[in-house]
Structure formats: C-alpha cells, structure tokens
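Right, one structure below, let's go through it.
From a predicted model like this one, the values you see are computed outputs, not experimental measurements. Counting starts at 1 for both ligands and their atoms, in listed order.
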Amino acid sequence: MKSFLKIKDFSLAEAREVLSLAEKFKTQRGSFCADLLKGKTYALIFSKSSTRTRVSFEVGIREMGGQTLFLSANDIQLGRGEPIIDTARVLGRMVHGAVIRTYGQEEVDLFAQYSGLTTINALTDEEHPCQILTDIFTYERKHGSIKGRKVVFVGDADCNVARSFVHAAELFDFKLTCAAPDGYQSRISNANTTLTASVKDAARDADLLYTDVWISMGKEAEAQERVKAFQGYQISTELLRLAKPDCMVLHCLPAYRGKEITEDVLESRAEDIFEQAGNRLPVQQGIIAHLCGVR
Ligand code: CP
Ligand code: NVA
C-alpha cells in the first residue's frame, strides 16, 4: 500500500505524474475518475484546524465516488490518549484510506505502518507536502516549468511549509532561498537551497515570492516573541520591486495582513493566491488517483 507522508516519498517522475493527473482533474472536473473510489471510505483525522485541506479532501474524495468520515482528534479516543498505533489498527479494519493532520511526523508514519492503509499527510510539524505540490502546479500552469527558477520563502523557514519546499527544491531542481531571522532559519538544507537573513538580498530577481504565517499551529505560546523576531520578514510592494517583473506571489493561507504579507500585495495578487487555494482540490485528487494506481 503506497502512502504520501513527505515530499520525497515521490520520485520526480511520480510527482510529475501526480501533476499531470491534477491537470485532468482540474479540466475535466466531475468526469475524470468519477468512480475510482466507489464503495471506499476515507477517514480524515485532524488534530489541528483546517479550511482548505479539509474541504478539498472531502469534496475531492466525494467527486471520485468515495465517502469521507471526518474525525476531529478530540472527538475520538485518540484525544483521550489512545495510542496512534491502536487507532491505526482499528481504522485499518474499517476504512480504505486515511488523511491525517497532526503534530509529530512520527504519528503519520506510525499510522501508515500499523493501519496498512493508503495514508496522506495533510500537514504535520515537519511537512505539508500536499500544499507544496499544489504550489508547484499553480506556478507551472501560469509560468511554465519551475526547474531552474528562483523561489524565495520569506518568514519562518523552520516551519512545515518551508521544509517541504527545501525537499521540493531538490526534487524539482529549482533554486530556493529562505529569508528568515536568526533562530527561525531552516535546519535542513541541500545544494538547491540558500539560507540568508537578508530579505532584500533574497528577493532580488525572484521568480516566485512565497510566505506563510509567522505563528504556525502549535506555536501560539511563542506569539509575542515571534511577532517581534519576524518584523520586516514581510512580502510588501517595496520587496516585490526587487523581484523579476513577472514574479508570482503565493501564500498557502490563512494570511495575516500586516504581518507576513501586506494588505495591498495580498489583494493585488488575490487571483493567483486564491487560484492556488482552489488547486488543492485537483492536486489532492491527483495524489489519491496516483496512490490508487491510476497512470
Ligand atoms: N493551507 C492550508 O493547509 O490551509 P488550511 O489550514 O485551511 O487547511
Ligand atoms: N505553517 C502553517 C501552515 C498552515 C497551513 C501552520 O502549520 O500553521
């Protein structure tokens, strides 16, 4: 049983297959693979809030003929301390697949191992792989191949979204620059990644400027110190002037105006940013179809 728990679970060829399936789901909505999940139920186990990920998986699975079972971790025994490996062994006997949003990466790894189910990482503290495949899909539909492009991540480079970008930079062979203050720089890197504290140096000649919240879910207790540390790590009109003229701006959302992105950049780039949000649907359908063996 194949799962998608981190970006590197896919080879480049597999990731490319997912993106081409996503294109079919997007352009043939409602008719492509409409019966693929007939008779199948996917459990969505979420320990953190979600709008985009939850809705896109629920709608996407239903449009493929399947059913969804949304399980807030607090409403099942998991929230009262039942181990993830026991939850996994129970659900493995009842449902056909699982989508999990949680804290530790080890929880999705253990769930996949003990359930035997196709399991998809819907965000952990380590990675947000469905998001990054969507971001690449969104960039490439408008600007062509991301290979060799300069992608700049501004903000908390030690967060899940940034980490998945670091892995994706190596897989898709684009140049990633992470601009982050001391203490919030990426702890992982590779030959495709440059780490800097200078947001201006980073933004120069960028093809894609990207940001995410300063305070990820689970980090609320650090809110005050983070807001102080991240001052200036913001996508603004001035920063955008340093980038290439056709530079795309993306944000995984939710956005906090006046913090990681200014109101005017968010609103002037809303068409791309909300297209990106909408693309979660076909890309995740592409991931599921690929995991089900559709080629
Ligand atoms: N970008 C993203 O994953 O959004 P949600 O938290 O709303 O699912
Ligand atoms: N880094 C953010 C992503 C939200 C989609 C978080 O973990 O809260």
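- The ligand atoms of ligand 1 that sit less than 4.0 angstrom from a heavy atom of T51 are 5 (P), 7 (O), 8 (O).
- Taking each of S216, C252, G155, S49 in turn, the one with a heavy atom nearest to atom 2 (C) of ligand 2 proves to be S216.
- With hydrogens and angles ignored, the 3.5 Å screen pairs no side-chain donor or acceptor of R52 with any backbone N or O of A277.
- Within 6.0 Å of CZ on R16 lie more than 12 heavy atoms contributed by other residues, nucleotides or ligands.
- Heavy-atom contacts of H128 reach the following atoms of ligand 1: 2 (C), 3 (O) (cutoff under 4.0 Å).
- Considering K26, Q276, R280 in turn, K26 is the only one that fulfils the side chain to side chain contact (heavy atoms under 4.5 Å, CB included) rule with F137.
- Per-residue contacts place L253 under 4.0 angstrom from the following atoms of ligand 1 (heavy atoms of the residue considered): 1 (N), 2 (C), 4 (O).
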- Walk me through it: do T102 and F111 pass the test side chain to side chain contact (heavy atoms under 4.5 Å, CB included)? CA-CA 11 Å; T102 188; F111 186 93; over 6 Å; no
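- The residue from R52, R101, K48, R54 that puts a heavy atom closest to atom 6 (O) of ligand 1 is R101.
- What sits closest to atom 4 (C) of ligand 2 on the protein, heavy atoms only, is L123 CD1, 4.0 Å.
- Residue-to-ligand polar distances place C252 within reach of ligand 1: an N/O pair is separated by less than 3.5 Å.
- Considering backbone and side-chain atoms together, H128 places no N or O closer than 3.5 Å to any N or O of ligand 2.
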- Task: Start with the C-alpha gap between R29 and E63, add the side-chain angles, then the distance that decides, and say whether salt bridge (charged side-chain N to carboxylate O under 4.0 Å, His left out) holds.
- Result: CA-CA 8 Å; R29 184 167 179 186; E63 288 191 1; 2.7 Å; yes
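- Remark: minimum distance from atom 7 (O) of ligand 2 to any protein heavy atom is reached at N160 ND2, 2.8 Å.
- Annotation: the span from D158 atom CG to K219 atom NZ amounts to 7.5 Å, rounded to 0.5 Å.
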- Show the numbers, then the answer: is there a side-chain hydrogen bond (donor to acceptor under 3.5 Å, both in side chains) between T138 and N279? CA-CA 7 Å; T138 306; N279 284 338; 2.9 Å; yes
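- R280 NH1, 3.3 Å is the protein heavy atom nearest to atom 2 (C) of ligand 1.
- Annotation for ligand 2: atoms under 4.0 Å from non-hydrogen atoms of M217 are 6 (C), 7 (O), 8 (O).
- Residue L253 has at least one heavy-atom neighbour below 4.0 Å for each of these atoms of ligand 2: 5 (C).
- Across every non-hydrogen atom of C292 and Y42, the tightest pair is SG-OH, 4.0 Å.
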